[in-house]
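Have a look at the structure below, then the notes.
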2 protein chains.
Amino acid sequence: MPDLSIDVVAKAAGVHRSTVSRAFSRPEAVKSETREHILRVAEGLGYTMSPLAQALRKKTSTFIPLIVPDITNPFFAELAKTMTQAADERGYQLLLCVTNGDPAKTEGYFIAMQAMYAPFGIVAPSTKVDTAALKRFDFGHKVVVIDRVEGDDAVPTVTVDSRRGIMLALDHLHALGHTSIGYVSGIAGTHTAQDRMDAYLELSAESGSAPVVLDSGSDLDAGTRGAEHFLEMEKPPTAIIAANDMVAFAVISALGKSGVRVPEDVSVIGFDGLALGARFNPPLTTIRQPIADMGHIAIELAEKQNIDGSVDHIVLEPELLVRASTSGPRK
Amino acid sequence: MPDLSIDVVAKAAGVHRSTVSRAFSRPEAVKSETREHILRVAEGLGYTMSPLAQALRKKTSTFIPLIVPDITNPFFAELAKTMTQAADERGYQLLLCVTNGDPAKTEGYFIAMQAMYAPFGIVAPSTKVDTAALKRFDFGHKVVVIDRVEGDDAVPTVTVDSRRGIMLALDHLHALGHTSIGYVSGIAGTHTAQDRMDAYLELSAESGSAPVVLDSGSDLDAGTRGAEHFLEMEKPPTAIIAANDMVAFAVISALGKSGVRVPEDVSVIGFDGLALGARFNPPLTTIRQPIADMGHIAIELAEKQNIDGSVDHIVLEPELLVRASTSGPRK
DNA sequence: ACTGTTATTGCAACCGATCTCAGCAACCGA
DNA sequence: TCGGTTGCTGAGATCGGTTGCAATAACAGT
C-alpha cells in the first residue's frame with residue numbers, strides 16, 4: 001500500500017491538509033458536509049492518522065506506561081489485563097514496564113515516559129513509592145499510583161480499604177469459631193502491605209485475641225517461612241490470614257508438604273481474589289479486591305487530572321469471597 | 001526543564017544539528033573529537049533523543065507489540081516478563097496487547113503496529129495463527145510466532161518439542177510404574193496443543209497402552225471436566241498428563257474437591273514449568289519449557305530477520321521437572 | 001447597500017529528528 | 001603543482017501531522 005499520509009487524503013478529497021486534520025481531531029471546526037466527505041474518502045483509502053506524528057507535534061502521545069514490579073505475579077497480571085482493556089477503549093496503548101522492584105529501573109521508565117510524551121503513567125508499586133522521585137519528574141506528566149502514598153500528596157491513588165478487608169477476614173473466621181488467628185505478611189514493603197498488617201494487629205487486639213504474626217518478611221518466601229513457623233509452634237493458631245493470595249498459596253503448599261490439611265487442620269484465607277484461587281487446591285477463600293475497577297479507575301483518575309488538575313484518592317471496598325480453604329476449627 | 005531538542009545541543013556544542021544526529025546514530029561518520037565533545041555536552045544537558053521523532057523520520061520505531069490472548073495466564077505472563085527484559089536490553093518498548101482470543105482484535109493490533117512503525121511484533125497465539133491475516137499485513141513489518149504455523153511458512157517461529165515433552169512425561173510415569181495414563185487437553189486450539197495431543201496419542205499407542213483422553217476441550221474448564229470424567233470412570237487411569245500447568249491445577253483442584261488425593265490416589269503431571277507450580281498443593285511435577293529462552297530467541301529471530309531476511313524455526317528442548325504431584329501408582 | 005460578525009478553509013511555520021547532497025580541507029601520487 | 005580521492009560537516013528537504021493567523025464567504029442588522 002502506497003504510504004498513506006494526510007496529504008494524499010487531502011488531495012483525494014480536494015481539500016487542504018489542515019482541513020483533513022481538523023476533520024479528524026476537531027470535528028466541530030469543519031463544516032459537517034466537508035467533514036463527512038473527508039471521512040468517507042479516508043475510510044475508502046483505509047487511512048488512519050499516525051499516532052507518532054500526532055504525538056510529536058502535540059507533545060502528548062497515547063502511550064501509557066504501566067509500571068509493575070513483576071507481571072508474573074497474578075495480581076499485577078490481572079491489573080494489566082483490565083488496564084489494557086480500559087486503555088484501548090480510550091485509544092491508549094499500554095507500555096509494559098517491569099521493574100523487579102528496582103528503583104533505578106523505575107526512574108528509567110519515568111524518563112522514558114517523559115521522552116515519549118506519555119500523558120500519564122500508572123504505577124503499581126512493589127515498595128513504598130518514592131515521592132521524591134515523582135516530584136523530580138514533575139515534568140507535567142502525571143502518575144497515578146495503585147497504593148497509598150506517603151502524606152497523601154499531589155499524586156492520585158486508588159486502593160482498597162485494607163482495614164475493612166482484614167475485618168472481613170477476621171469476622172469470617174470468628175463466625176466459623178476461630179479464636180486464634182495467625183497472620184503471614186505480604187510480598188512487599190508497600191503501604192498497602194503495611195496497612196493490612198497494622199489492621200490485623202489492631203483488630204486482633206480489639207477482639208481480645210493475641211495477634212500471632214507467623215512471618216513479617218516481605219519476599220516471596222514469606223509464605224513458606226510462615227508455614228515453617230506454624231509447624232514449630234506447640235499451640236499453633238487454628239486459622240491463618242495471608243496478606244495476599246500468593247502467600248496464601250505458598251502457605252498451603254508448604255503446610256501440605258508436612259501433611260497439614262487445609263481446611264481440615266487449619267483454615268487459610270487470602271487477600272486479592274485472584275481468579276487463580278478458584279483452581280487452587282483447595283479453592284481459596286479470600287478477600288476480593290475489585291481489580292477490574294481499579295484498572296479502569298486508575299485511568300479515569302489520570303484523565304481527570306489531566307483535564308481539570310484534580311487529584312483524587314479513591315478507596316474501594318473489598319469483599320469476602322468464600323471458597324473452600326476455611327471451615328470451623330478442628331475440635 | 002527547557003525543551004531539549006537536538007538543536008539546543010547543536011547550538012551548545014557549536015555544531016550543526018545533523019552532526020549531533022550523526023554523533024548519536026552513526027558514530028563512525030563523525031570525527032571522534034567532535035563526537036566526544038558533542039556527547040559530553042549532551043550528557044551535561046541531560047539530553048536524549050526523542051524516540052518519536054526518530055521513529056517518524058526513520059519509519060521504524062522501537063515499539064514492539066506483544067500480542068497475547070490473556071496476560072492473566074501465567075504462561076504468557078512469564079513470557080511477557082522475559083520479553084520485557086530482552087526488549088529493554090535492546091532499547092525496545094513492549095506494547096502489551098491482549099486479544100482474549102479475538103481474531104478481530106488481533107488484526108486491529110496488526111494495523112496499529114503498522115501505524116506506529118513497529119519493526120516487528122511477537123504473537124503468542126491462542127488459536128491457530130491466521131496466516132492469511134499475516135500475509136495481508138505483509139507491509140514489511142515482521143512477526144514471529146510462539147507456535148507452529150500452518151505450512152512452515154515465511155514467518156519465523158519458536159516452539160518447544162511437544163513430542164519430546166510428552167515422551168518425557170510418559171517415560172517418567174512409566175518409570176514410576178504407571179501403565180494406565182490419561183490425558184487432559186490444553187486451553188486453546190493452537191498447533192502446539194494439537195501437537196501435544198497427537199504425541200500423546202501416538203506414543204501411548206506405541207507403548208502398547210490404550211490412550212484415555214479425559215477431555216479434549218479447549219477452554220479453561222477442560223481441567224474441571226477432565227476431573228469429572230475421571231471420577232465417573234469405573235477403572236480410571238492411575239496417572240494424568242495435563243496439556244499445560246493451568247489445566248493440571250484445575251484437575252488437581254477438582255479432584256481434591258471430591259477427596260481424590262494427588263499423588264496418593266492419582267499422579268498428575270503438567271506441561272509448562274510455571275514458577276507457580278512450585279507453590280501449588282502439591283508442588284506440580286511438570287515438563288518445563290524454557291520460557292525465558294523463548295522470549296529472548298523470539299526477539300533475536302525478529303532482529304535477524306529484519307537484517308538478513310532469514311526466517312528460522314527454532315524448536316527448543318523441554319525437560320522433566322519432578323516435584324511432588326507424581327509418585328508410584330497406588331497398589 | 002454597507003458594515004460587523006461568524007463560519008470555513010487555506011497557508012505556512014513548527015514538532016525533533018534523519019539523510020542526501022554539496023562544500024571544503026587535507027592528503028596522495030605523478 | 002594539479003586532478004582525484006577521502007573525511008568531515010553544514011544546508012535544507014522531509015517524515016506526517018497541528019495550529020495560529022489570514023483570507024474569503026455568508027449572513028445579520030440597520
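Naming convention: chains lettered A, B, ... in sequence-line order (proteins, then strands); numbering from 1 in each chain. We use all heavy atoms of the structure for the numbers below, so side chains are in, but hydrogens, waters and symmetry mates are not.
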Task: Under 3.5 Å: donor-acceptor pair, side chain of A/Q93, backbone of B/L95 - done: no
TODO: Mind calculating the distance between CG (A/L52) and P (D/dT18) to the nearest angstrom?
DONE: 13 Å
Task: Residue B/M49, side-chain heavy atoms: nucleotide from C/dA13, C/dA17, D/dG10 that is nearest - done: C/dA17
- [ ] Indicate yes or no for a side-chain donor-acceptor contact from A/D312 to the backbone of A/P156 under 3.5 Å, with no hydrogens or angles considered.
- [x] no
TODO: Calculate the interatomic distance between B/E33 atom CD and D/dT9 atom C1'; express it in whole Å.
DONE: 14 Å
TODO: Go through A/F63 and B/F63 one step at a time and tell me if the ring-ring contact (aromatic ring centres under 6.0 Å, His included) criterion holds.
DONE: CA-CA 10 Å; A/F63 298 111; B/F63 298 111; 4.2 Å; yes
- [ ] Using only side-chain N and O atoms of B/K59, determine if any of them is under 4.0 Å from OP1 or OP2 of D/dT14.
- [x] no
Task: Side-chain (B/N306) to main-chain (B/P119) donor-acceptor, under 3.5 angstrom - done: yes
- [ ] Send over the distance from B/R26 CZ to D/dG7 P, rounded to a whole Å.
- [x] 13 Å
Task: Gap between atoms CD and P, on B/E28 and D/dT6 respectively (whole Å) - done: 17 Å
TODO: Please confirm whether any donor atom in the side chain of B/R22 sits under 3.5 Å from an acceptor in the base of D/dG10, or the reverse.
DONE: yes
Task: Residue B/L56, side-chain atoms from C-beta onward, closest of D/dC15, C/dA17, D/dG10 - done: D/dC15
TODO: Return the angle between end axes of the helix from C/dA1-D/dT30 to C/dA30-D/dT1, with five pairs used per end and rounding to 10°.
DONE: 40°
- [ ] Indicate, with a heavy-atom threshold strictly under 4.0 Å, whether A/V20 touches base, sugar-phosphate, or nothing.
- [x] nothing
- [ ] For B/Y47, report the nucleic acid contact type (base, sugar-phosphate, nothing); a contact means any heavy atom under 4.0 Å.
- [x] sugar-phosphate
Open item on the list: For a quick check of understanding: with a heavy-atom distance under 4.0 Å over all strands, which category does B/S32 fall into, base, sugar-phosphate or nothing?
Closed with: nothing
Can you give me every donor-acceptor pair (side chain of residues 24-39 of chain B, partner residue at least two apart or in another chain, under 3.5 Å) with its distance?
{"unit_1": "B/S25", "atom_1": "OG", "unit_2": "B/S21", "atom_2": "O", "d": "2.8"}
{"unit_1": "B/T34", "atom_1": "OG1", "unit_2": "B/K31", "atom_2": "O", "d": "3.4"}
{"unit_1": "B/R35", "atom_1": "NE", "unit_2": "B/P27", "atom_2": "O", "d": "3.3"}

- [ ] May I ask you to evaluate whether B/Y117 reaches the phosphate of C/dA17, defined as a side-chain N or O under 4.0 Å from OP1 or OP2?
- [x] no
TODO: Rounded to the nearest angstrom, tell me the gap between atom CZ in B/R17 and atom C1' in C/dT18.
DONE: 9 Å
Open item on the list: Checking the side chain of A/S61 only, and the main-chain atoms of A/M116 only, is there a donor and an acceptor separated by less than 3.5 Å?
Closed with: yes
- [ ] Would you mind reading off the distance between A/H16 atom NE2 and C/dA12 atom P, rounded to a whole angstrom?
- [x] 8 Å
Task: Among C/dC19, D/dT18, C/dT9, the one nearest B/K58 by side-chain distance - done: C/dC19
Open item on the list: What I want to check is whether the side chains of A/Y109 and A/Q114 have a donor and an acceptor closer together than 3.5 Å.
Closed with: no
- [ ] Decide, yes or no, whether a salt bridge links B/E300 with B/R90 under the criterion of side-chain N to carboxylate O below 4.0 Å.
- [x] yes
Open item on the list: Any side-chain N or O of B/S25 below 4.0 angstrom from OP1/OP2 of C/dA17?
Closed with: no
Task: C/dT9 phosphate, OP1 or OP2, under 4.0 Å from A/S18 side-chain N/O - done: no
Task: Contact nearer the 5' end of DNA chain D, comparing B/R57 with B/R35 - done: B/R35
TODO: Examine D/dT18: is either OP1 or OP2 under 4.0 Å from a nitrogen or oxygen in the side chain of A/S21? Give yes or no.
DONE: yes
Task: Euclidean distance, atom CD1 of residue B/I38 to atom P of C/dA17 [Å, nearest integer] - done: 13 Å
TODO: Ignoring backbone atoms, test whether A/Q54 places a side-chain nitrogen or oxygen under 4.0 Å from the OP1 or OP2 oxygen of D/dT18.
DONE: yes
Open item on the list: Would the distance check show the side chain of B/D70 and the main-chain N or O of B/T72 forming a donor-acceptor pair, the cut-off being under 3.5 Å?
Closed with: yes
- [ ] Classify the nucleic acid contact of B/A29 as base, sugar-phosphate or nothing, counting any heavy atom under 4.0 Å across all strands shown.
- [x] base
- [ ] Mind calculating the distance between NZ (A/K31) and C1' (C/dG10) to the nearest angstrom?
- [x] 14 Å
- [ ] Would you indicate, yes or no, if C/dT9 has its OP1 or OP2 atom less than 4.0 angstrom from a side-chain nitrogen or oxygen of A/T34?
- [x] yes
